[in-house]
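Below, chain A is the first sequence line, B the second, and so on; all start at residue 1.
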Protein chains: 2
Amino acid sequence: MTGGTNQQGTARPRRADARRNEQAVIDAAARLFVASGIEVPVRDIAAAAGVGMGTLYRRFPTRADLVVAVYRHQVEACAEAGPALLAQSATPRDALIAWANLFVDFLVTKHGLAAALQDRDGYEALHTSFVDRLVPVCQQLLDAANSSGTGAPQVDAYELMRGIGNLCIGAGSDPRYNARHLVTLLISGVFAPQQNS
Amino acid sequence: MTGGTNQQGTARPRRADARRNEQAVIDAAARLFVASGIEVPVRDIAAAAGVGMGTLYRRFPTRADLVVAVYRHQVEACAEAGPALLAQSATPRDALIAWANLFVDFLVTKHGLAAALQDRDGYEALHTSFVDRLVPVCQQLLDAANSSGTGAPQVDAYELMRGIGNLCIGAGSDPRYNARHLVTLLISGVFAPQQNS
DNA sequence: TTGTTAAGCGGAGCAATGTTCCGTATGTTG
DNA sequence: CAACATACGGAACATTGCTCCGCTTAACAA
């Protein structure tokens with residue numbers, strides 16, 4: 001989707017310096033996100049990448065675009081782990097819990113990412129990227145649980161994913177707060193018998 | 001705690017204009033928080049209250065101080081509702097769910113409050129204010145459940161409160177996300193039999 | 001009432017950061 | 001190597017948090 005050729009295959013590829021700079025920005029951003037969180041000033045990212053503000057903004061108009069680029073691979077890996085866990089787990093429910101823990105561990109180690117994911121103003125692209133890739137995987141796990149007769153739940157996959165993401169906010173900076181624990185409890189609740197909205 | 005006399009009862013009370021201005025700021029902030037969320041620019045609050053920046057900052061050095069002042073009464077009401085619900089509910093568990101729903105409804109209607117509550121940098125005072133008042137109430141409800149033999153849980157009251165608060169983030173701006181629903185599921189999980197961290 | 005004093009006021013000004021704009025430089029092609 | 005579109009860079013502007021200090025005025029006493 002970011003590549004150089006279009007669907008005709010005939011268009012001129014992007015200039016070499018442009019491609020080089022794009023990668024430099026992603027690398028610099030990845031480093032700074034780890035060091036200072038994803039809210040690190042745009043200036044600092046540009047400086048670390050050795051490019052000007054214009055270059056950075058041309059390629060990544062919003063911060064969300066940059067965050068998406070930096071974490072694309074890890075989101076993909078998480079998505080692919082879903083079916084794998086389903087295949088190798090004793091029950092769909094175990095698979096769901098294991099998969100959720102994977103997602104939690106990912107979010108918790110990225111300072112500020114979980115919060116950005118819920119920010120309706122300014123991170124739509126990020127939200128969409130995660131939702132598009134991960135909600136179907138979650139749905140698949142829920143469907144499997146449904147078919148396995150474990151007494152499956154009336155939770156929307158989207159709602160559950162957002163809940164899990166929310167529970168990760170602020171984890172990692174508070175020893176009294178354990179996101180994995182709460183996510184496990186939430187999923188237990190999803191599989192518990194009674195309901196009342 | 002905001003009043004004019006100290007423990008000696010002899011100190012000069014605050015000047016009348018100072019008290020007037022403090023109330024004007026709180027009123028203006030309350031209005032603007034509803035209209036624009038709690039991240040509304042300080043300048044706007046000062047302007048709406050008809051005071052200068054210096055006046056506002058002297059009384060409320062951080063935004064958290066202002067938020068605490070604005071919502072103090074509602075937090076207090078929520079805290080007092082805990083024992084009341086415990087007395088009038090069929091089971092401690094029902095009381096806990098009802099109380100949590102009360103808290104959720106409060107947070108969800110205050111744009112940005114739930115997010116600020118988890119913001120470790122910049123809102124410590126807010127976090128502390130809520131935690132100090134509400135965690136003991138939550139603990140009381142959990143203890144009651146514990147004593148009632150419903151098979152009570154190993155959740156810290158603090159952790160549960162933070163989880164509930166987190167689940168409220170971003171609710172109210174997304175019809176596909178229902179915070180009450182997820183909180184109910186979380187509490188169901190808290191009362192479910194098995195555990196694994 | 002009036003003078004004295006300290007509490008309080010207001011907003012200009014500084015700093016940090018997001019975002020745009022455009023003159024200049026350079027990769028690419030023929 | 002010439003010509004041109006692509007891409008670059010960073011100055012400049014806008015917004016917002018926060019501080020600082022000269023001026024105003026409420027409170028009190030004579």
Quick one: CZ on B/R180 to CG on B/L102, what's the gap to the nearest 0.5 Å?
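If we round to the nearest 0.5 Å, B/R180:CZ and B/L102:CG are 8.5 Å apart.
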
For A/A69 versus A/F60, what's the shortest heavy-atom pair and its separation?
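The pair with the smallest heavy-atom distance is CB-CE2, 3.8 Å.
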
Tightest non-hydrogen contact, residues B/M161 and B/V135, listed as CG-CG2, 4.0 Å

Taking only N and O in the side chain of [X], is any of them less than 4.0 Å away from OP1 or OP2 of [N]?
X	N	answer
B/T55	C/dG8	no
B/R14	C/dA7	no
B/R15	C/dA6	no
B/R63	D/dG17	yes

Checking [X] side chain against [Y] main chain: does a donor-acceptor pair fall under 3.5 Å?
X	Y	value
A/Q88	A/L86	no
B/R19	B/R14	yes
B/T62	B/D65	yes

Mind calculating the distance between [atom1] ([X]) and [atom2] ([N]) to the nearest angstrom?
X	N	atom1	atom2	value
B/M53	D/dC21	CE	C1'	15 Å
B/F60	D/dC18	CZ	P	15 Å
A/L66	C/dT17	CG	C1'	16 Å
A/R58	C/dT19	CZ	P	16 Å
B/R20	D/dT25	CZ	C1'	11 Å
B/D65	D/dC18	CG	P	11 Å
B/Y57	C/dC9	OH	P	16 Å

When you measure from every atom of DNA chain C, which of residues 24-51 of chain B have a heavy atom less than 4.0 Å away?
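Residues of residues 24-51 of chain B that come under 4.0 Å of DNA chain C are, in numerical order, B/R43, B/G50, B/V51.
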
What I want to check is whether the side chains of A/N166 and B/Y177 have a donor and an acceptor closer together than 3.5 Å.
yes

Side-chain atoms of A/D17 come closest, of D/dG9, C/dG27, D/dA11, to C/dG27

How is A/R59 classified with respect to the nucleic acid when contacts are heavy atoms under 4.0 Å: base, sugar-phosphate, or nothing?
sugar-phosphate

Of A/N21 and B/P61, the one whose closest nucleotide on DNA chain D sits nearer the 5' end is A/N21

